[in-house]
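Working notes, beginning with the structure itself.
Everything numeric here is computed off the predicted structure, so don't read it as measured data. Naming convention: chains lettered A, B, ... in sequence-line order (proteins, then strands); numbering from 1 in each chain.
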Number of protein chains: 2
Amino acid sequence: MKKEAEKVLSFPRKQAEEIQALQDTIYVVGGKWRLPIINSICNGNKRFRDIQRSIPGITTRMLSRELKEMELNKLINRTVYADTPVTVEYTSTDYCYSFGPIILAMIDWGKKHRKKITGKD
Amino acid sequence: MKKEAEKVLSFPRKQAEEIQALQDTIYVVGGKWRLPIINSICNGNKRFRDIQRSIPGITTRMLSRELKEMELNKLINRTVYADTPVTVEYTSTDYCYSFGPIILAMIDWGKKHRKKITGKD
DNA sequence: CAGCATCCAAGAAGATACTG
DNA sequence: CAGTATCTTCTTGGATGCTG
């Protein structure tokens, strides 16, 4: 197990390029909220309140701010339906799904971590 | 994944659990420097200066602070050799390697992203 | 419901200088 | 080499109230 991880993490010659790639990614998904929001929308949540309810602790201010920037960066689509009252839907773009592997790896780590510190499943 | 709308709207336990796991992980690896440092040490860098040189932009202050906290959290081992001058070595624990999949997923994303925006490999 | 505006606190991070 | 110490700036994020 350790040997495996050690192996995959050890390519000295490409180290600089990989550190760069890692730092780029951290820059893009940085902050507490970006990945949980992506995860929520990719999971099918479309409405502002639904997304907010699905992410413990997030305020309307932060959610609003992140959604706006994510729309600018083409991570999500925002569609307004002129009903009464107005409804808005957020949906993921293909680009948004590219974060899937990162999110899954992090969910996996988090579950194992919790199991480890609580001692149960 | 979202075959039943009511499931999405009612937030099944599984989804809540996954968001929780994701937020836990973000909390642990949060910040700009934690993952690059883990990556550097897992890649075999042991000395303070070597680690610093391998991570563009990090200051001695931030590196020092992170290393201290990572040692407290058993992510790394710190060994002092009483030579003249004194040398210090940081090495990864097994726990540290558990971040491997996350780091690899992020490196992969970063490489593809760079390829995409620069248009070349 | 879907946000925006405002004010403010706390922490992360940077610059720089210095020590054993 | 391996850090500490200070000072300052910047960013994140929280609280709250308000609007169409």
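- For the residue pair A/Leu35 and B/Ile26, the shortest heavy atom distance occurs at CB-CD1, 4.1 Å.
- As rounded to whole Å, 14 Å separates atom C1' of C/dA9 from atom CE of A/Met62.
- Checking C/dA13, D/dG3, C/dG3 against every side-chain atom of B/Thr60, the shortest atom distance belongs to D/dG3.
- For B/Arg49, counting side-chain heavy atoms from C-beta on, the closest listed nucleotide (C/dT6, D/dG3, D/dC7) is D/dG3.
- Considering only side-chain N and O atoms, B/Lys32 lies nowhere under 4.0 angstrom from the phosphate OP1 or OP2 of D/dT11.
- Candidate nucleotides C/dA13, D/dA2, D/dG14 were compared by shortest atom distance to the side chain of B/Thr87, and D/dA2 ranks first.
- Within the 4.5 Å cutoff, the side chain of A/Ile58 has no heavy atoms near those of the A/Glu66 side chain.
- Between the CD atom of B/Gln52 and the P atom of D/dT4 there is a distance of 13 Å, rounded to whole Å.
- Mapped onto DNA chain C by nearest heavy atom, A/Tyr90 and B/Thr59 fall at different nucleotides, with A/Tyr90 at the one closer to the 5' end.
- Rounded to whole Å, the distance from CZ on B/Arg65 to P on C/dG14 is 10 Å.
- Atom CZ in A/Arg34 sits roughly 14 Å away from atom C1' in D/dG13 (whole-Å rounding).
- No donor-acceptor contact under 3.5 Å links the side chain of A/Arg47 to the base of C/dA2.
- Rounded to an integer number of Å, the gap from A/Arg53 CZ to C/dG3 C1' is 15 Å.
- A donor and an acceptor atom never sit less than 3.5 Å apart when one is taken from the side chain of A/Arg61 and the other from the base of C/dG3.
- A straight line from CG of B/Leu63 to P of D/dG3 spans 8 Å, rounded to a whole angstrom.
- Proximity of A/Trp33 to the phosphate of D/dT11: no side-chain N or O atom is located under 4.0 Å from OP1 or OP2.
- Taking only side-chain nitrogens and oxygens, B/Tyr81 never comes nearer than 4.0 Å to OP1 or OP2 of D/dA2.
- D/dT11 atom P lies 15 Å from atom CD of A/Glu66, rounded to whole Å.
- Relative ring orientation between B/Trp109 and B/His113 is described as parallel, the plane-to-plane angle staying below 30° on a 0-90° scale split at 30° and 60°.
- Regarding A/Ile58, its CD1 atom lies at a distance of 15 Å from the C1' atom of D/dA15, rounded to whole Å.
- Taking only side-chain nitrogens and oxygens, A/Lys68 comes nearer than 4.0 Å to OP1 or OP2 of C/dC4.
- Within the 4.0 Å cut-off from OP1 or OP2 of C/dG3, at least one side-chain nitrogen or oxygen of A/Arg78 is found.
- Using a cutoff of 4.0 Å between basic side-chain nitrogens and carboxylate oxygens, B/Lys111 and B/Asp108 are not scored as salt-bridged.
- If you run salt bridge (charged side-chain N to carboxylate O under 4.0 Å, His left out) between B/Asp24 and each of A/Arg114, A/Lys32, A/Lys115, A/Lys112, only A/Arg114 comes through.
- Among the nucleotides D/dG14, C/dG3, D/dA2, the one closest to the side chain of A/Ser64 is C/dG3.
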